[in-house]
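Worth saying up front: this structure is predicted, and the values here are computed from it rather than measured. Each residue takes its place number in the sequence, starting with 1.
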Amino acid sequence: MEAFFLIHNGKKIKLYPEKEYTIGRKGHDAIVEIDDSSVSRKHGVIEFDGIKTYIKDTESLNGIYINGEKIVPNVLIEISENDKINIGSKSLMIALGGNKALEQPPKVHNQIPENEISKLKEKIKKNKVLSIGRLVSNDIVIDDPTVSRQHAKLSYENNQYFIEDLSSKNKTYLNGNEIKNKTKFGDNDVITISFYSINLIEGLKDLKKEKHSISALSIEKVYSNGKVGLQPLSINIKKSSFIALMGPSGCGKSTLLKCLNGENPASAGEVFIHGLSLNKNFNLIKKKIGYVPQDDIIHKELTVYKTLYYAAKLRLPDDTTDDEINKRITKVIKNLNLEQDEKKNIRDIKVDDLSGGQRKRISIAVELLTEPTILFLDEPTSPLDPETIEGFLKSLKSLTKEGTTIIMVTHKPEDLNYVDEVVFLGVQGHLTYKGAAGRLVSNFNVNNIVEVYSKMSNPLDVVRFYKKPIKNLEQTSIAPPEIKKDKADSFFIQLYWMCIRYFRIKLNDKQNLILLLAQPLIIAGLVCLVFNQFRIGVLFLMTISAIWFGVSNAAKEIVGEINVYKRERMFNLKINAYIISKCLVLSVIALIQTLVFVSIIYYNFQANPVAEFEDIFLKPYISNVLFMFYISFSATLIGLFLSAYFSSTEKVMTVVPITLMPQIMLAGVMTKIDNVLVEILSFTTLGRWGTEGFARIQDKAFETDEASGSILVPVNQVVSDNQIIDGCNCTSVNALTSLDLYNEKLIDDGKLIGSIFNSFQANLLVIACISILAYVLIYYSLKRKDSL
């Protein structure tokens, strides 16, 4: 195939099929920029179908002239290299180049000739093996970012046809089921890769070319408590259309959106995406649809580029190169008109510093990285001002020209100026209108959109306009769908990029990081100021400080980004990778806090010993650092559990003090533990096991010290001023009482529960059990938040 070029001002642009090349005034993001004030911002477009080249005037002010004649607006006109094209005072040239092939394939490029693709059986028999993937070296090439370079292969052996997935990230499916091994298939079977189907009889088929992007057949939503969210309805949504879901508050707009995208499936009926059952093919479909909920799904601490880069690393196939990712980022930024300020590159701006409209576009950009064919938006214009809304909706409208179908929940009447069709719901989830935006008001026999809302808030009027689905053989209700989940993506790759992203988030939030690192300095300094001698109270405060570090570091980390988590989870995020990434990064912070805290305590009491007892201070250093970090790590898991369980930051911060108080009260320092019930309750607290563990470390360190005897005097030896114990004057250390809670003098009849817990190893084991329990609770809490 000859290669066509567009030549302007010495710049040569190669033309590829299925792509639109915009022409406009310089400085307004057109592909072909013309420095002429008589040229409109978007003056026209050039399209190329692989053989012929066309130009269209998009209702520009001064028009486009071909060979001296002005062309009709909004009509594609074929042009050749011999035509003279004038736009304003400038001329364009179309040239037939000498290249024999395009440098990159179009959207679907088959190395097998088009006229022979239907003869796939014969091709497999002849070649024995046919490869499928993103690389042009494959026999069947699918240029799709969610398709791996070498995705799968077809083979013919022993008179049988086989399909084998080549460890692709986004899987290969046979009749809706994931292929895990080399699998036999026949004439009636359908292989699905991304939104392309392969059949031995029909060959390769692009499912995105189906007439309807979405078909909902007799779907309804009834919640477990009996509340009806949606009455039975059926709708078809054309491909590349811009649809507004509208209706009074509480009518089920968001419910319908979530039924269509699988976040909260319908309780009856069936949804088809590009002809594929959402229920049966969800594992495939979920990675080819975009969904932006009302709240932002991006981290505000990251720059725009890093936000998009990490999202690409987590969502695109593992073999996607950085160069490919950068091209995708450049494309989505351009498509959403985000590169508007020449002086300041938006890629380097932190998300938190962007306007509301820009943040919403970045959320959409994250979804566009995988080139979704359908984009679901839940009230994206709600937080935006009128001026921002205009540019935002124009950007969305331009996406439909790229082939994306957009379904947008909105309640703003002015949004109707930009959409193609409206789906209007009445109260109690009744479908009352589906059609062109311009006919909405007249359909309800009212004067304006406000009256439509008023009318559709009246149940009696709603019933009259309710469009009940027509029952036929194709529209039959089915049992509530059970959305199947496939294996999560590579655990270690997900974990790696989750950790990298989370580290970057913490480092970018410098103010909060400084406060976290200042905590051990302040608290340890106060301990040294309050205590003029090393005693059990110091060990107790070390324990409470370790618990505080862990819980406070983690308490807001999940609840603060729950919308990001839910969307990534819907896209196949692995829960364990998510939890472990949090633990690893927070553990680094906790370790630094521990090192600072223990160092201050250690060197302070070493430099300022009690008179006559110079060897009495916190030791050994390493053991205390490791044990304090061990407690802090366990407390981190407790903090993450609170963050995962509660639905808002306010609730979490309300519960944190309630969580910390038992650690103080049941540690055995404020008062002796002298009954079985209190003893059992203390088993659940890190305060008790941490303080006792520190005490045992000190006993172990000093048990061979003949000069000072035991650093911790047993509680059954009542110490009074100037009392001599084993030749040791303990006046200065009479407060160093042991936390040996099983001493026979605690109660008259001996030990409370038993001596099995009376060891340092028991302390370590019980803290480990608390940590494991906390981890399980985190996992269960996050699992409950799954939408599917």
Side-chain angles (χ1 to χ4, degrees), residues 176 212-238 241 243-282 285-286 289 291 293-294 374 376-379 405 407-411 421-435 440 443-444 452-453 455-484 570 786-788:
H212 296 122
S213 292
I214 303 176
S215 294
L217 306 181
S218 298
I219 63 170
E220 60 180 296
K221 182 65 179 181
V222 181
Y223 294 97
S224 57
N225 60 5
K227 180 182 177 182
V228 178
L230 284 178
Q231 302 290 341
L233 64 87
S234 294
I235 56 172
N236 290 315
I237 296 176
K238 295 178 181 178
S241 59
I243 307 296
L245 296 184
M246 305 184 76
S249 297
C251 68
K253 300 185 294 295
S254 294
T255 301
L256 175 57
L257 188 81
K258 293 175 182 178
C259 288
L260 296 179
N261 66 23
E263 184 189 3
N264 194 353
S267 51
E270 192 161 11
V271 176
F272 292 89
I273 305 292
H274 297 301
L276 296 176
S277 168
L278 180 65
N279 177 36
K280 298 176 182 178
N281 299 276
F282 185 78
I285 292 172
K286 67 181 179 180
I289 58 177
Y291 173 44
Q294 293 185 35
I374 305 174
F376 295 92
L377 307 175
D378 197 349
E379 299 200 30
T405 303
I407 298 92
M408 176 182 72
V409 173
T410 180
H411 62 270
E421 287 190 316
V422 178
V423 174
F424 204 97
L425 300 179
V427 291
Q428 300 174 356
H430 292 83
L431 174 64
T432 58
Y433 179 77
K434 161 68 166 67
L440 175 64
N443 178 78
F444 293 99
V452 175
Y453 274 89
K455 201 167 190 176
M456 290 302 96
S457 297
N458 186 334
L460 296 178
D461 287 330
V462 166
V463 172
R464 289 194 298 111
F465 287 93
Y466 172 43
K467 297 184 180 299
K468 193 172 184 179
I470 299 173
K471 297 289 184 180
N472 57 42
L473 294 176
E474 294 181 347
Q475 295 177 313
T476 56
S477 295
I478 61 172
E482 296 181 2
I483 303 295
K484 299 179 293 182
M570 186 178 175
D786 278 359
S787 302
L788 309 176

Can you tell if the side chain of [X] reaches within under 4.5 Å of the side chain of [Y], non-hydrogen atoms only?
| X | Y | answer |
| --- | --- | --- |
| Gln294 | Val409 | no |
| Leu256 | Leu233 | yes |
| Lys434 | Glu421 | yes |
| Leu245 | Leu425 | no |

Can you classify the ring geometry of Phe424 versus Tyr453 as parallel (below 30°), tilted (30 to 60°) or perpendicular (above 60°)?
perpendicular

Indicate the atoms forming the closest heavy-atom contact of [X] with [Y], along with that distance.
| X | Y | answer |
| --- | --- | --- |
| Ala266 | Glu220 | CB-O, 3.4 Å |
| Ser457 | Pro459 | O-CD, 3.5 Å |
| Ile374 | Ser213 | CD1-O, 3.7 Å |
| Ala216 | Leu260 | CB-CD2, 3.9 Å |
| Phe376 | Leu257 | CD2-CD1, 3.5 Å |

Check: residues 246-255 side-chain donor-acceptor pairs under 3.5 Å, at least two apart:
residue, atom, partner, partner atom, Å
Lys253, NZ, Gly247, O, 3.1
Lys253, NZ, Pro248, O, 3.3
Ser254, OG, Asp378, OD1, 3.1
Ser254, OG, Asp378, OD2, 3.1
Thr255, OG1, Tyr223, OH, 3.3

To the nearest 0.5 Å, what is the distance between [atom1] ([X]) and [atom2] ([Y])?
| X | Y | atom1 | atom2 | value |
| --- | --- | --- | --- | --- |
| Ser215 | Lys238 | OG | NZ | 12.0 Å |
| Ile235 | His212 | CD1 | NE2 | 10.5 Å |
| Leu276 | Phe282 | CG | CZ | 13.0 Å |

Could you check whether any side-chain N or O of Ser234 sits under 3.5 Å from a backbone N or O of Ser218, counting only pairs where one atom can act as donor and the other as acceptor?
yes

Taking Val222's backbone N and O only, do any of them form a donor-acceptor pair with Ser267's side chain (distance below 3.5 Å, no angle check)?
yes

Among Ile273, Asn279, Val271, the one residue meeting side-chain contact (heavy atoms from CB on, under 4.5 Å) with Ile285
Ile273

CA sep, side-chain torsions, deciding dist, call: Glu379, His411, side-chain contact (heavy atoms from CB on, under 4.5 Å)
CA-CA 8 Å; Glu379 299 200 30; His411 62 270; 3.2 Å; yes

Taking only residues two or more places apart in sequence, or in another chain, which ones meet Asp461 in a side-chain contact (heavy atoms from CB on, under 4.5 Å)?
Lys455, Met456, Asn458, Arg464

Verify whether one side chain among Tyr291 and Glu263 offers a donor that lies under 3.5 Å from an acceptor in the other.
yes

Residue pairs passing the side chain to side chain donor-acceptor pair (under 3.5 Å) test where at least one lies in residues 423-433, sequence neighbours excluded:
none

